[in-house]
Protein chains: 2
Amino acid sequence: MAARPLSADEQQAWRAFLGATKHVFEQLDRQLQHDAGMPLAYYDILVLLSEAPDRTLRMSELARRSRSSRSRLSHAVDRLEQAGWVARERCPTDRRGYFATLTDEGFAQLTAAAPGHIAAVRSVLFDPLSPAQVASLRAICERVLDQAGEQPPAPGSAATTLPAVGE
Amino acid sequence: MAARPLSADEQQAWRAFLGATKHVFEQLDRQLQHDAGMPLAYYDILVLLSEAPDRTLRMSELARRSRSSRSRLSHAVDRLEQAGWVARERCPTDRRGYFATLTDEGFAQLTAAAPGHIAAVRSVLFDPLSPAQVASLRAICERVLDQAGEQPPAPGSAATTLPAVGE
DNA sequence: TCAACCACGTTGAGGACTCAACTATCCCTG
DNA sequence: CAGGGATAGTTGAGTCCTCAACGTGGTTGA
């Protein structure tokens with residue numbers, strides 16, 4: 001399976017991508033950790049909760065939206081719960097399930113953290129780019145994500161298309 | 001400091017970027033870990049060493065090229081040394097320093113791991129993109145990296161430009 | 001020559017993530 | 001309504017990373 005190696009263009013695109021993403025996430029993580037005491041992944045969880053009705057989501061739904069594994073989310077919510085920023089509650093209709101709710105304290109933390117984080121996102125990612133590049137980046141990332149949905153046509157599986165999961 | 005919030009376009013670009021990068025690195029890390037028993041970060045270290053004269057680099061130079069902290073690199077080389085893929089050697093002319101060398105065993109591992117990794121990079125990142133998008137992605141990432149070089153004009157520091165570090 | 005300073009790299013503690021195994025609950029079929 | 005299989009979520013061990021502190025060796029200037 002001697003895969004065709006990357007072309008020179010692809011090679012350089014790949015290295016630039018590796019470097020740029022490493023840099024971006026390192027800056028953002030450091031900024032958030034320093035100024036708000038949470039990593040980027042946790043900030044995202046709080047954002048997702050803050051946007052949900054009643055600031056509440058089922059664990060599995062939260063995992064899906066944050067693109068994390070159940071395990072990762074469970075560990076993360078453990079910590080956020082310890083911090084008092086999120087509360088867990090049993091789901092009355094399905095007793096396997098739990099809801100995660102953003103507490104007032106969590107909302108306050110998020111509100112406090114947002115301006116610094118947004119400024120960092122701007123300065124590290126958007127400021128250097130032209131509007132056309134921002135649009136292009138978005139199209140590229142959405143393309144990659146679309147492709148990600150149409151998973152490996154697992155050998156033997158016929159129709160794996162899921163009934164649109166109304167985002 | 002109520003930073004201007006992200007525009008709707010920026011917002012969506014940002015979320016797509018978060019999602020796409022998360023997906024890409026998750027896939028690649030999983031593939032490498034499963035098929036070659038190393039995370040992407042270690043693979044990159046081996047690549048950098050394999051390209052260097054005598055497959056050898058000073059720790060600090062390796063840290064710079066891999067964009068990792070000295071600490072991270074030190075831990076990583078610990079592990080790679082335990083695996084027998086890299087060897088450390090004192091620098092004779094500067095006794096604070098060390099060289100890291102890719103061993104034959106390490107080179108063999110890298111050679112074995114490369115095809116699968118490259119195939120994964122293609123399938124997850126490049127295959128979904130048009131050539132124009134690949135070029136665009138590269139330009140975008142290089143722009144972000146350029147900007148990263150011109151660090152914060154630290155208050156009070158006059159000329160922080162470094163004497164081009166011959167790449 | 002010696003003190004102050006800087007550069008190289010390591011160390012250890014603690015946090016976040018992965019993977020596999022596990023419990024508990026729900027649902028479907030016979 | 002029993003049994004099997006899927007689904008929801010948790011748990012613990014192990015890995016990788018970060019941060020701050022440290023030892024050691026080079027360098028510079030009075």
Side-chain angles (χ1 to χ4, degrees), chain A residues 21-23 25-46 57-83 85-100 162 165, chain B residues 21-23 25-46 57-83 86-100 162-163 165:
Chain A
T21 52
K22 200 177 252 183
H23 176 251
F25 290 118
E26 194 172 310
Q27 295 305 304
L28 296 181
D29 246 328
R30 196 195 308 290
Q31 183 273 327
L32 265 177
Q33 193 68 58
H34 181 269
D35 295 351
M38 67 182 104
L40 179 55
Y42 290 13
Y43 179 91
D44 272 344
I45 289 172
L46 299 189
L57 286 173
R58 273 291 281 270
M59 290 294 282
S60 55
E61 181 59 17
L62 185 50
R64 200 181 62 73
R65 295 196 191 182
S66 64
R67 293 172 210 278
S68 48
S69 66
R70 294 170 187 288
S71 174
R72 170 149 106 209
L73 183 65
S74 191
H75 287 299
V77 170
D78 276 356
R79 287 233 141 228
L80 292 171
E81 200 173 20
Q82 281 174 32
W85 297 348
V86 165
R88 267 192 184 88
E89 215 177 338
R90 268 206 120 88
C91 172
T93 69
D94 180 346
R95 302 221 325 242
R96 294 167 302 179
Y98 282 87
F99 290 114
L162 295 174
V165 275
Chain B
T21 52
K22 199 176 251 183
H23 176 251
F25 290 118
E26 194 171 310
Q27 295 304 304
L28 295 181
D29 246 329
R30 198 196 307 289
Q31 183 273 325
L32 265 177
Q33 193 68 58
H34 182 269
D35 295 351
M38 67 181 106
L40 180 54
Y42 290 13
Y43 179 91
D44 272 344
I45 290 173
L46 298 190
L57 284 173
R58 273 290 282 271
M59 290 293 283
S60 54
E61 180 60 17
L62 185 51
R64 201 181 60 75
R65 296 196 191 182
S66 64
R67 296 172 207 277
S68 47
S69 66
R70 296 170 187 287
S71 174
R72 171 150 103 208
L73 183 65
S74 191
H75 286 299
V77 170
D78 277 356
R79 287 232 141 228
L80 292 171
E81 200 173 19
Q82 282 174 30
V86 165
R88 266 191 185 90
E89 215 177 337
R90 267 204 121 87
C91 171
T93 70
D94 181 344
R95 302 225 320 244
R96 293 167 301 181
Y98 282 87
F99 290 115
L162 294 175
V165 275

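To find a chain, count down the sequence lines: A is the first, B the second, and so on, and within it residues start at 1.
Taking atom CZ on A:Arg95 and atom P on D:dA6, their separation rounds to 23 Å, with Å as the unit. Across the protein-nucleic acid pair, B:Ile45 atom CD1 and D:dC17 atom C1' stand 12 Å apart, rounded to whole Å. Summarising the geometry, the separation between CD on B:Glu26 and C1' on C:dT18 is reported as 10 Å, rounded to the nearest angstrom. To the nearest angstrom, C1' of D:dC17 lies 9 Å from OH of B:Tyr42. Whole-Å rounding puts the A:Leu40 CG to D:dC17 C1' distance at 15 Å. Distance CG (B:Asp29) to C1' (C:dT18): 10 Å, rounded to an integer number of Å. Atom NZ of A:Lys22 is separated from atom C1' of D:dC17 by 11 Å (rounded to the nearest Å). One atom, CG of B:Leu28, and another, P of C:dT18, lie 14 Å apart when rounded to the nearest Å.
The CZ atom of A:Arg67 sits 14.5 Å away from atom CG of A:Leu73, with the distance rounded to the nearest 0.5 Å. Here the CZ atom belonging to A:Phe99 is positioned 12.0 Å from the CE atom belonging to A:Met59, to the nearest 0.5 angstrom. Put simply, CG on B:Leu28 and CZ on B:Arg30 are 10.5 Å apart, with the number rounded to the nearest 0.5 Å.
If you check every strand for non-hydrogen atoms under 4.0 Å, A:Ala76 touches nothing. If you check every strand for non-hydrogen atoms under 4.0 Å, A:Ser68 touches nothing.
The shortest heavy-atom contact between A:Ala100 and A:Leu62 is CB-CD2, 4.2 Å.
For B:Tyr43, the ring pair (Phe, Tyr, Trp, His ring centres under 6.0 Å) test picks out B:His117, with sequence neighbours left out.
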Heavy atoms under 4.0 Å is the rule here; annotate nucleotides 2-14 of chain C 5' to 3' with B where the base is hit, S where only the sugar-phosphate is, and - elsewhere. -----BSBBBB--
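No side-chain N or O of B:Gln33 forms a donor-acceptor pair with one of B:Asp29 less than 3.5 Å apart.
For the pair A:Gln33 and B:Gly37, nearest-nucleotide mapping onto DNA chain D gives the more 5' position to B:Gly37.
The salt bridge (Lys or Arg N to Asp or Glu O under 4.0 Å) analysis of residues 69-81 of chain B, with sequence neighbours excluded, yields the pairs B:Asp78-B:Arg88, B:Glu81-B:Arg88.
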